[in-house]
Amino acid sequence: MSRKRKTLPLLQGVTIEAVAAEGKCIFHHEDQVVFVPFCVPGDVVDVQITKKKHRYCEGRVERFVRLSDTRAVPVCEHFGVCGGCKWQNLPYAEQLKAKQQQVEDQLRRIGKVELPPIDTIMGSVKTYEYRNKLEFGCCSKRWFTREELDNAELNLDGGNHAAIGFHVTGAFDKIYPIKKCWLMADAHNDMRNEIERYAKATGMTFYDVREQRGLLRSLMFRTSNTGEWMVLVQFHFDEPQDEERARALLRHIADRFPRITSLIYVDNQKGNDTFGDLKLITFKGADYIYETMEDLRFKVGPKSFYQTNTEQAYHLYSVVRSMCYDDGGASHDVETSAKGMPLIYDLYTGTGTIANFVARGARRVIGIEFVPEAIEDAKVNSSLNGIGNTTFFAGDMKTVLTDDFVSQYGRPDIIITDPPRAGMHEDVVRVILKAAPGRIVYVSCNPATQARDLALLGQDYRVERVQPVDMFPHTPHVENVVLLKRKSQ
C-alpha cells in the first residue's frame with residue numbers, strides 16, 4: 001500500500017531575508033529556514049514549498065507581491081529557467097558582498113582557524129562576455145517550462161522539438177534551448193544557432209541520451225584573447241552515412257565562419273559526453289589556440305584546462321605570485337640570482353599556467369597533475385616561453401606526492417596547491433605537513449573544502465592572508481586564495 005503524498009503549503013506574502021549558498025535566498029518560517037532560487041533580499045513573494053525536510057524546506061516563487069529595491073533587471077531572456085546565471089537579478093556590488101560573506105562564513109564556521117582581516121574581494125574586469133569556454137548539449141526532444149506547457153497552442157506531437165542548449169539543473173537528460181547566452185563573446189551565439197538551423201534544415205538527427213541514438217550530440221566553443229576560435233562538435237555515428245553528414249555540417253560552418261581557426265570533431269559512442277580518452281579529428285586549422293598573459297603564451301587544446309575567465313585569471317595568478325614572493329618570500333625579478341630563489345611545488349598544476357607564471361623567480365618549479373595530456377601541454381608551454389626551470393609529473397596526487405618524492409626532488413620552500421572542488425586528500429595534506437615548506441599558497445574554487453583543509457594544516461601553519469577573487473559574475477561561485485606560513489617562522 002503506497003503512502004499518500006502530503007500536500008505542501010503555499011506561503012503567502014513572505015519577505016526574502018538574505019542570500020544563501022548555491023545562489024539561493026532564504027527566509028524563516030516556523031523555526032525552519034526555507035531556500036528559494038531566483039529572488040533577492042527584500043522581495044515579498046508567495047512561495048510554494050516543494051520539499052520539506054526536518055531542518056529546512058525548499059520552495060519556488062509562485063508570485064512576486066512586491067519587488068525589492070535591491071534588484072537588477074536581468075539582461076538574459078532565459079534568466080529564471082537556465083540555471084547558469086542565478087544572480088542576474090542581484091546588482092553586481094551585492095553579488096560581491098555575498099561572495100565575500102560566503103568566504104568568511106565558511107572559513108570561520110568550517111575551518112575554525114584564526115584568520116586575519118579578509119581582503120576585499122577582487123571584482124571581475126568583465127561581468128558579461130567574460131568566459132572563454134562554453135559547452136552545449138543537443139537533444140531530440142527539448143525541455144519545456146510549465147508556462148510553455150500551459151500554452152494551448154503547443155503541439156508536443158507535431159513539429160521538430162530538437163534543440164541545442166544547456167542542461168536543466170539536476171537533470172542529465174533535459175536540455176533547454178538557448179538563443180543568446182551573454183557569458184561569452186556574441187559570435188558563439190551566431191555559430192551555435194547556425195549549427196542548429198543547418199542541422200534541422202538537412203534532417204540531421206539530434207542525440208537522445210536515453211536511447212543513445214542521434215547524430216548531433218554536443219558542442220564546445222573556446223575563444224582566446226588572441227582572437228582565435230575553437231569549435232569542437234561531438235557526433236554519435238549510427239549509420240554508415242553519418243560521418244559524411246557530419247563533415248558536410250563542418251564544411252558549412254567552416255565556410256560560414258572563417259574566424260574559426262580550430263574546428264575539431266569526434267565520434268563519441270560512450271554513455272557520457274566526456275572525450276578525454278577519445279581520439280579527436282581536426283577538420284580545419286590547428287588542434288589548439290593560444291592565450292597570452294603578460295609576455296607568456298599558453299597553448300590550449302580541446303582537452304586542456306584553462307581558467308575560463310581569461311582577464312580575471314591574470315589577476316588571480318598575480319595574487320598567487322605576490323603571495324609566493326612578497327614580504328621576503330623571494331623576488332620574481334628575472335635578474336635575481338639563484339641564491340635564495342625558492343624551490344616551488346605546484347600541485348594540481350593543470351596545463352602549468354601558474355607554474356610557468358611564477359617560474360622566473362624560482363630555482364625550480366615542480367608541477368604535478370592527474371591528466372597526462374595536461375602535463376604534455378604544460379611542458380609545451382614551458383618550451384614555448386623559453387622557461388627551462390620547470391619539471392612536470394603526471395599521476396594521481398596522493399600516489400605521486402609521497403615522502404620518497406620529496407626526498408628525491410627536494411624539500412619545497414613554497415607549495416602552491418589548486419585542487420578540484422573536493423579539496424585535498426588527507427594523504428596529500430600529510431605529505432605537505434611532513435615536507436614543511438615555509439609557505440603554502442592555497443587556491444580554491446570551493447571555500448568549504450578549503451576551510452576543512454586549512455583546519456588540517458592549522459597544526460603547523462597560520463593563515464597570513466585571505467584574498468577572495470570573483471571569477472564568475474552572476475553565479476554564486478567564488479575563488480579564494482590563502483597564504484599560510486609555518487608557525488615556527
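Everything numeric in this text was worked out from a predicted model, so none of it was measured.
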Separation between OG1 of Thr475 and CD of Gln88, rounded to the nearest 0.5 Å:
11.0 Å
Just checking, any donor-acceptor pair under 3.5 angstrom between side chains of [X] and [Y]?
{"X": "Asp273", "Y": "Gln234", "result": "no"}
{"X": "Asp46", "Y": "Gln48", "result": "no"}
{"X": "Lys270", "Y": "Thr274", "result": "yes"}
{"X": "Ser382", "Y": "Asn356", "result": "yes"}
{"X": "Gln32", "Y": "Lys53", "result": "no"}
{"X": "Ser224", "Y": "Thr226", "result": "yes"}
{"X": "Asp377", "Y": "Ser304", "result": "yes"}
{"X": "Tyr288", "Y": "Ser262", "result": "no"}
{"X": "Glu479", "Y": "Ser444", "result": "no"}
{"X": "Asn132", "Y": "Thr310", "result": "yes"}
{"X": "Tyr198", "Y": "Arg256", "result": "no"}
{"X": "Tyr265", "Y": "Glu243", "result": "yes"}
{"X": "Tyr290", "Y": "Asn225", "result": "no"}
{"X": "Gln212", "Y": "His236", "result": "no"}

Given the rule in the side-chain contact (heavy atoms from CB on, under 4.5 Å) test, do Leu8 and Lys52 qualify, once you have shown the distances and angles that lead to the verdict?
CA-CA 8 Å; Leu8 296 175; Lys52 187 175 177 63; 4.1 Å; yes
Quick check: closest heavy atoms across [X] and [Y], and the distance to 0.1 Å?
{"X": "Asn309", "Y": "Pro473", "result": "ND2-CD, 4.4 Å"}
{"X": "Ala451", "Y": "Ile110", "result": "CB-CB, 3.8 Å"}
{"X": "Lys299", "Y": "Asn381", "result": "N-OD1, 2.6 Å"}
{"X": "Thr292", "Y": "Arg297", "result": "CG2-CG, 4.1 Å"}
{"X": "Ile164", "Y": "Cys138", "result": "CG1-SG, 3.8 Å"}
{"X": "Arg245", "Y": "Met204", "result": "O-CE, 3.6 Å"}

[X] with [Y]: basic N within carboxylate O range, under 4.0 Å:
{"X": "Lys97", "Y": "Glu94", "value": "yes"}
{"X": "Arg213", "Y": "Asp208", "value": "no"}
{"X": "Arg146", "Y": "Glu62", "value": "yes"}
{"X": "Arg71", "Y": "Asp43", "value": "yes"}
{"X": "Glu196", "Y": "Lys200", "value": "yes"}

Kindly state whether the ring of [X] and the ring of [Y] have centres lying under 6.0 angstrom apart.
{"X": "Tyr176", "Y": "His167", "answer": "no"}
{"X": "Phe166", "Y": "Phe136", "answer": "yes"}
{"X": "His161", "Y": "Phe144", "answer": "yes"}

Check step by step if side-chain contact (heavy atoms from CB on, under 4.5 Å) holds for Ile281 and Ile264.
CA-CA 6 Å; Ile281 302 170; Ile264 303 167; 5.8 Å; no
Give a yes or no on whether the backbone of [Y] and the side-chain of [X] come within a donor-acceptor separation of less than 3.5 Å.
{"X": "Asp346", "Y": "Gly367", "answer": "no"}
{"X": "Asn268", "Y": "Asn272", "answer": "yes"}
{"X": "Lys174", "Y": "Val168", "answer": "no"}
{"X": "Thr70", "Y": "Pro41", "answer": "no"}
{"X": "His474", "Y": "Lys86", "answer": "no"}
{"X": "His315", "Y": "Gln312", "answer": "no"}
{"X": "Gln467", "Y": "Asn480", "answer": "no"}

Please check if atom [atom1] in [X] has more than 12 non-hydrogen atoms from other residues, nucleotides or ligands closer than 6.0 Å.
{"X": "Glu244", "atom1": "CD", "result": "no"}
{"X": "Arg259", "atom1": "CZ", "result": "no"}
{"X": "Phe393", "atom1": "CZ", "result": "yes"}

Report yes if some heavy atom in the side chain of Cys76 is under 4.5 Å from a heavy atom in the side chain of Lys180; otherwise report no.
no
Only one of Gln101, Arg109, Gln102 forms a side chain to side chain donor-acceptor pair (under 3.5 Å) with Asp105, so which one is it?
Gln101
